[in-house]
Amino acid sequence: MIIAKFGGTSVADAAAIRRTGEIVRGRLGRSPVIVVSALAGTTNALLAAAEKAASGQLAAALEHVSQLRDRHLETISELLGSGREASALCEETSMMFDELAHLAEALSVLGFATLRSMDAVASMGERLSAPMCAAAFSRMGIPSVAVDSRRVMLTDDDFGRAAPMPAEIAAAAREHLLPIVAAGQVPVVGGFVGATTSGITTTLGRGGSDYSAALFGAALDAEAIEIWTDVDGMLTADPRVVQGAQLIEHIRFDEAAELASFGAKVLHPSTIAPAVERDIPVYVFNSIRPHATGTRITRDASPCTVRAIAGKRGVVVVRVGSPTMLGTPGALRSIFEVFDRFRISVDVVATSEVSVSLTVDDDPSLLKAVEDLRGFGEVVIERDRGIVALVGAGLGGSSPSMARALRAIGDERLHMVSLSSTGINLTLIVDDAQVHPVMRMLHQEFFGGATG
Ligand code: ADP
Ligand code: ASP
Ligand code: MG
């Protein structure tokens, strides 16, 4: 069995959905389970509608809803024509849009949106796309069945970034997905969306469909997890930032995970962990060029000093200074416990006897965490920072690469630097506005080619 996940651009419209159907057809011999994202741009539009509704702009919110409704209904009629199947799906789709309009009205009455209600809204995209894709594939002669992801993707209730429950997901996947595969049909599940065991809708966080695919892959012990997207695979840098970024044909799990967590949006940062646990290879393919090589991500790949460069903007540096306390045993643990308590993940750390500096994403609970940190000493917050990471399994022992990287960026202002002898990345904390220029300088240095 394989899991194949198709991102938003791979199901953006009728033509893309048909193209995706052909890719699925080519995989029928491998018992595919299909995971789909919302139609490109839908999740953003849904969230914008919810925000408008909650801030009292109900008319604008309903306008978004009506545009989305038209787009989905038009896509259905392009895919299915006007027969009985088409009208059943249009009815189901319209009912979901009625539900969405009611949600918008409720938000505008309340005047605020909770994370739970945002999840109810954000989930709509995948709840709409899965039945559409299943119907389209069936129409193409690929017997397909839509499965509501809320029956299989069981999570805790940390709305907006719910944590999956692997044992429950494995049991539910065996119950709801395997029989469909065993009957020679193709299950089509929405990514990103889950539910608590009491049935309340949750989401895994933006870009979470990749993570859904990996979790289903681990749950079903798949032989491969395929991520189909709009670029040829994992590249040596984000092609939107660096012209001339090159395909990486083979990369290690840990390298791919580092790149994803330092901003390579092609994979959700949590995607690799479930694959590593079961040693399942992950592939990244381009749904517009389905026969191109793509990227293979496995435990081992040929050694390489610098595999790729990633960058992440909007990072916050937190510095905690205390001449008396930091040298004492347990001080660092207590500081990290604060971040743990607020579920804020720390990316990069640098310590001395008198201060610790660390980077976090700009999280809504950061200010509360900072209040607690003040118990340890003086706390300074620096916003408008970014991370640039050079990633490669051979980097740790390679101080020449570090020297080369620092030379290449000339007199760029560096706020923190981190490289460990066993690590696989060199991370540089720079001004937010310099993330892209620094990525281009480093790419030019290590990979050559055009920069732009
Ligand atoms: P999907 O909707 O298919 O999930 P995403 O937009 O989430 O697609 O991810 C694909 C995008 O990731 C690419 O279009 C590219 O701009 C961006 N990206 C960032 N870093 C990389 C990288 N190192 N390699 C490939 N793509 C990258
Ligand atoms: N549709 C969701 C998002 O835009 C999940 C995904 O596409 O992976 O964040
Ligand atoms: Mg994505």
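Atom set for the values below is all heavy atoms of this structure, side chains included, hydrogens, waters and symmetry mates excluded. Start at 1 and go down the list; that is how both ligands and their atoms are numbered.
Residue-level proximity to ligand 1 for A310 is absent, since no heavy atom of it falls below 4.0 angstrom. Proximity of V231 to ligand 1, defined as any heavy-atom pair under 4.0 Å, is confined to the side chain (atoms from C-beta onward). Contacts of H268 with ligand 2, taken as heavy-atom pairs under 4.0 Å, are absent altogether. With a 4.0 Å heavy-atom cut-off, ligand 1 is reached by no atom of Q246. Residue contacts with ligand 1 for M234 involve N, CA, C or O but no side-chain atom from C-beta outward (heavy atoms, distance under 4.0 Å).
Using a non-hydrogen distance threshold of 4.0 Å, G7 does not register as a contact of ligand 2. Not a single heavy atom of L259 sits under 4.0 Å from any atom of ligand 1. The closest approach between H268 and ligand 1 stays at or above 4.0 Å for every heavy atom of the residue. Not a single heavy atom of S37 lies less than 4.0 angstrom from ligand 1. At least one heavy atom of G208 sits less than 4.0 Å from an atom of ligand 2.
Ion pairing of K5 with D210 is present here, as a side-chain N (NZ or NE/NH1/NH2) and a carboxylate O approach within less than 4.0 Å. Salt-bridge annotation for D158 and R161: present, with a side-chain N of the basic residue lying under 4.0 Å from a carboxylate O of the acidic one. The pair K265-D238 does not count as a salt bridge, with every side-chain nitrogen at least 4.0 angstrom from each carboxylate oxygen. We find that R27 and E226 are joined by a salt bridge, their nearest charged nitrogen and carboxylate oxygen being less than 4.0 Å apart. Contact check on R139 versus E85 returns a salt bridge, with a Lys/Arg side-chain nitrogen under 4.0 Å from an Asp/Glu carboxylate oxygen. For R127 and E99, the salt-bridge test passes: some basic side-chain N is under 4.0 Å from an acidic carboxylate O. Using a 4.0 Å cut-off between a side-chain N of Lys or Arg and a carboxylate O of Asp or Glu, R385 and E382 qualify as a salt bridge.
Taking distance alone, with nitrogen or oxygen atoms compared against 3.5 Å, K5 approaches ligand 1 more closely than that limit. Taking distance alone, with nitrogen or oxygen atoms compared against 3.5 Å, F192 stays at or beyond that limit from ligand 2. Annotation: S37 places an N or O atom under 3.5 Å from an N or O atom of ligand 2; distance criterion only. Any N or O atom pair closer than 3.5 Å counts here, and S209 shares at least one such pair with ligand 2. Looking at G8 next to ligand 1, an N or O pair under 3.5 Å apart turns up.
When the options N286, I227, I251, V266 are ranked by their closest heavy atom to atom 9 (O) of ligand 1, first place goes to V266.
The protein heavy-atom contact nearest to atom 13 (C) of ligand 1 is D230 OD1, 3.5 Å. Among all protein heavy atoms, the one lying closest to atom 15 (C) of ligand 1 is D238 OD1, 3.6 Å. Of the protein's heavy atoms, L235 N, 2.9 Å lies nearest to atom 24 (N) of ligand 1. T229 OG1, 2.7 Å is the protein heavy atom nearest to atom 3 (O) of ligand 1. Atom 6 (O) of ligand 1 has its closest protein heavy atom at K265 NZ, 2.8 Å. Nearest to atom 4 (O) of ligand 2 among the protein's heavy atoms is R206 NH2, 2.9 Å.
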_Run T155 and T202 through side-chain hydrogen bond (donor to acceptor under 3.5 Å, both in side chains) and show every step you take._
CA-CA 7 Å; T155 72; T202 57; 2.8 Å; yes
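Numbered from 1 in the order shown, with element, the atoms of ligand 1 that lie under 4.0 Å from a heavy atom of R240 read 13 (C), 14 (O), 16 (O). For ligand 1, the atoms closer than 4.0 angstrom to any heavy atom of G233 are 24 (N), 25 (C).
Looking only at atom types and distance, the side chain of T298 has no donor-acceptor partner in the side chain of R252 under 3.5 Å away. In the model, D363 has a side-chain atom that pairs as donor or acceptor with a side-chain atom of S365 under 3.5 Å. There is no side-chain donor-acceptor pair under 3.5 Å between S212 and S209.
P239 has its side chain within reach of V231: a pair of non-hydrogen atoms, C-beta onward, lies under 4.5 Å apart.
The shortest heavy-atom contact between L442 and A408 is CD2-CB, 4.3 Å.
Exactly one of D432, T359, D347 qualifies for a side chain to side chain donor-acceptor pair (under 3.5 Å) with K312. That residue is D347.
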